[in-house]
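Read the structure below first, then the notes.
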Number of protein chains: 2
Amino acid sequence: MKNRLNKELVIRLLKYRRILNQLKNLGFEKVFSNNLGDAIGVAPALVRKDFSLLVLGGNKRGGYNIDYLSEQLNRILGKTREQKIVIVGMGKIGTAIAQYKGFLQGDFEVAAGFDVRAVDVPPGLTMPILSLEDLPEYVAKNHIEVAILSVPEDQAAECHRLLKEAGIRGLLNFTPVELKTTPNCIIHNINIGVEIENLFFQVIKNGLPLHLELADGAGSEEDDSE
Amino acid sequence: MKNRLNKELVIRLLKYRRILNQLKNLGFEKVFSNNLGDAIGVAPALVRKDFSLLVLGGNKRGGYNIDYLSEQLNRILGKTREQKIVIVGMGKIGTAIAQYKGFLQGDFEVAAGFDVRAVDVPPGLTMPILSLEDLPEYVAKNHIEVAILSVPEDQAAECHRLLKEAGIRGLLNFTPVELKTTPNCIIHNINIGVEIENLFFQVIKNGLPLHLELADGAGSEEDDSE
DNA sequence: TAGATTGTTAATCGATTAACAATC
DNA sequence: TAGATTGTTAATCGATTAACAATC
């Protein structure tokens with residue numbers, strides 16, 4: 001039982017699905033490996049290989065059927081499941097994410113926000129903001145499995161512990177503290193500071209394109225989404 | 001002139017630097033490849049290989065000197081440069097990022113925000129919020145090279161075009177539209193929706209740890225920060 | 001000396017791409 | 001048939017890890 005559906009593949013599948021939905025909305029029926037590869041920035045051969053691995057067939061000259069692919073990807077990726085999350089840390093980033101429109105198309109719902117302090121509920125926010133003390137009970141009662149962590153750096157470790165004890169199985173961590181995945185709790189870290197530092201470095205390294213190359217090893221280079 | 005300092009390596013170096021600064025603040029003087037590997041989640045051999053590649057030597061029994069490593073990483077990563085960015089799209093996410101505290105430690109400054117609409121400057125925000133029309137002139141005058149894009153999905157393409165025309169060299173894209181790197185403008189996409197979808201999928205796949213494995217190929221698996 | 005850690009080579013692992021036969 | 005695209009194999013590429021000699 002090898003590692004079918006590895007990390008990179010799953011991300012590609014999620015991106016395929018998004019593109020397919022957009023194409024469907026535009027009234028398209030067929031799509032070629034070519035198109036999908038361009039759209040997500042990989043070689044067409046990889047698109048074909050992905051679908052081949054999942055036993056999703058196309059037509060030798062007609063490409064792939066969008067409706068069929070879309071359905072199958074929903075099956076594989078588990079579209080139907082109700083997906084509720086909580087946000088721990090209702091500061092600027094937390095409330096911004098709580099109001100993120102993209103969640104609607106993704107079938108997510110932010111069930112509640114939590115904070116140590118009493119926080120004014122910002123206008124337009126529909127979910128309750130509760131005290132951190134109530135987290136364990138809320139998570140258990142509402143079967144919450146996934147959380148977003150957006151507290152200040154010095155509270156990250158403590159909240160992490162609290163969330164694991166409450167039985168959270170997946171955590172999207174926006175704090176600068178790099179948390180570690182354990183068998184019971186998968187962590188994905190998004191470190192905005194490092195992202196910006198990295199982008200700056202790549203820009204400097206990339207240098208001025210044709211004329212005026214930088215001194216040392218400043219070749220241009222492909223680089224894509226993370 | 002091969003690809004020294006590739007994408008993964010640079011990210012590791014940025015993370016090493018952050019850890020080293022923290023250790024320095026705690027009064028440490030030496031660190032072992034062991035420690036750094038644990039801290040950022042890679043094998044100690046890779047830490048040693050990284051430093052070896054950059055000709056940063058340690059002591060066969062005393063590990064690495066933190067001050068020295070830190071200095072050298074600053075040299076390699078270009079710490080000193082003044083780093084100003086602008087944010088395009090001062091909605092919830094844009095303003096949240098504008099107030100992000102982590103920037104201070106990273107030597108960044110958000111020079112200005114831009115928006116199509118007249119936006120009330122939120123309390124506590126020190127930078128000006130200008131009209132998108134003023135972007136090209138502002139970017140040219142202040143030598144801005146890097147921008148953050150946080151507009152609604154339907155404005156992403158247009159703003160992307162505008163930013164490239166204005167001469168922006170690097171763009172951190174928070175919109176759900178996947179933008180493509182060109183020779184003149186490096187794009188890093190952060191798609192929060194996909195991140196959450198991905199986390200949900202990994203959680204379901206990870207299943208219940210020991211008892212009650214899921215049906216098909218639901219093995220547990222290492223997974224780390226993106 | 002004994003023990004521990006670096007520095008470096010070789011092996012491994014895995015993902016992507018190139019290429020092409022099959023076929024609609 | 002000619003042309004285009006899939007499906008699949010083999011080649012490539014690159015990153016990580018294992019292992020161990022060197023050495024402090």
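Naming: A, B, ... by sequence-line order, numbering from 1 per chain.
- Judged as a side-chain hydrogen bond (donor to acceptor under 3.5 Å, both in side chains), and not counting sequence neighbours, the contacts of A:Q72 are A:R75.
- Scanning for side-chain contact (heavy atoms from CB on, under 4.5 Å) contacts around B:A96 gives A:K92, A:I93, A:A96, with sequence neighbours left out.
- What separates CG of B:L46 from P of D:dA18 is a distance of 11 Å, to the nearest Å.
- Counted by atom type alone, B:N198 and B:Q202 present one or more donor-acceptor pairs between their side chains at under 3.5 Å.
- Every residue two or more places apart in sequence or in another chain was checked for a side-chain hydrogen bond (donor to acceptor under 3.5 Å, both in side chains) with A:R61, and none qualifies.
- With sequence neighbours excluded, the residues satisfying side-chain hydrogen bond (donor to acceptor under 3.5 Å, both in side chains) with A:K24 are A:S70.
- Using a 4.0 Å heavy-atom criterion, one finds that A:F51 contacts no nucleic acid atom at all.
- In this structure, the side-chain contact (heavy atoms from CB on, under 4.5 Å) partners of B:F32, at least two apart in sequence or on a different chain, are B:N34, B:N35.
- Computed from coordinates, the A:N65 CG to C:dC24 P distance equals 17 Å when rounded to whole Å.
- Less than 4.0 Å separates DNA chain D from no heavy atom of any residue of residues 27-37 of chain B.
- Less than 4.0 Å separates DNA chain C from at least one heavy atom of each of the following residues of residues 55-63 of chain B: B:G57, B:G58, B:N59, B:K60, B:R61, B:G63.
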Tell me, what's DNA chain D's dot-bracket, Watson-Crick or G-U with both distances under 3.5 Å, | for other-strand, [ ] crossing? ..||||||||||||||||||||||

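- Straight-line distance from the CG atom of A:D50 to the C1' atom of C:dG14: 14 Å, rounded to whole Å.
- In this structure a side-chain-to-backbone donor-acceptor pair under 3.5 Å is present from B:N189 to B:L179.
- Distance CD (B:E8) to P (C:dG14): 16 Å, rounded to an integer number of Å.
- Ring-centre distance between A:F200 and B:F108: below the 6.0 Å cut-off.
- Atom NZ in B:K7 sits roughly 13 Å away from atom C1' in D:dA15 (whole-Å rounding).
- For B:E158, the side-chain hydrogen bond (donor to acceptor under 3.5 Å, both in side chains) criterion is met by B:R161, not counting sequence neighbours.
- Atom-to-atom, CG of A:L53 to C1' of D:dT6 comes out at 16 Å; the value is rounded to the nearest Å.
- Distance, A:I11 CD1 to C:dT16 P: 11 Å, rounded to whole Å.
- For the side chain to side chain contact (heavy atoms under 4.5 Å, CB included) with B:V31, the lone residue among B:V47, B:N65, B:L20 that qualifies is B:L20.
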Evaluate A:R17 against A:N74 for side-chain hydrogen bond (donor to acceptor under 3.5 Å, both in side chains), listing each step before the verdict. CA-CA 8 Å; A:R17 181 166 71 177; A:N74 282 339; 3.0 Å; yes

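- Atom CD1 in A:I40 sits about 14 Å away from atom C1' in C:dA15, given to the nearest Å.
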Scan nucleotides 8-10 of chain D against the protein and return all N/O pairs shorter than 3.5 Å with their distances rounded to 0.1 Å.
{"residue": "D:dT8", "atom": "OP2", "partner": "A:S52", "partner atom": "OG", "Å": "2.7"}

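- B:R48 is linked by a salt bridge (Lys or Arg N to Asp or Glu O under 4.0 Å) to nothing, counting only residues two or more places apart in sequence or in another chain.
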Could you pull out all donor-acceptor pairs under 3.5 Å where a side-chain atom in residues 49-57 of chain A meets a protein atom, sequence neighbours excluded?
{"residue": "A:D50", "atom": "OD1", "partner": "A:R12", "partner atom": "NH2", "Å": "3.0"}
{"residue": "A:D50", "atom": "OD2", "partner": "A:R12", "partner atom": "NE", "Å": "2.7"}
{"residue": "A:D50", "atom": "OD2", "partner": "A:Y16", "partner atom": "OH", "Å": "2.7"}

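- Checked by atom type, the side-chain pair A:T182/A:N184 shows no donor-acceptor distance below 3.5 Å.
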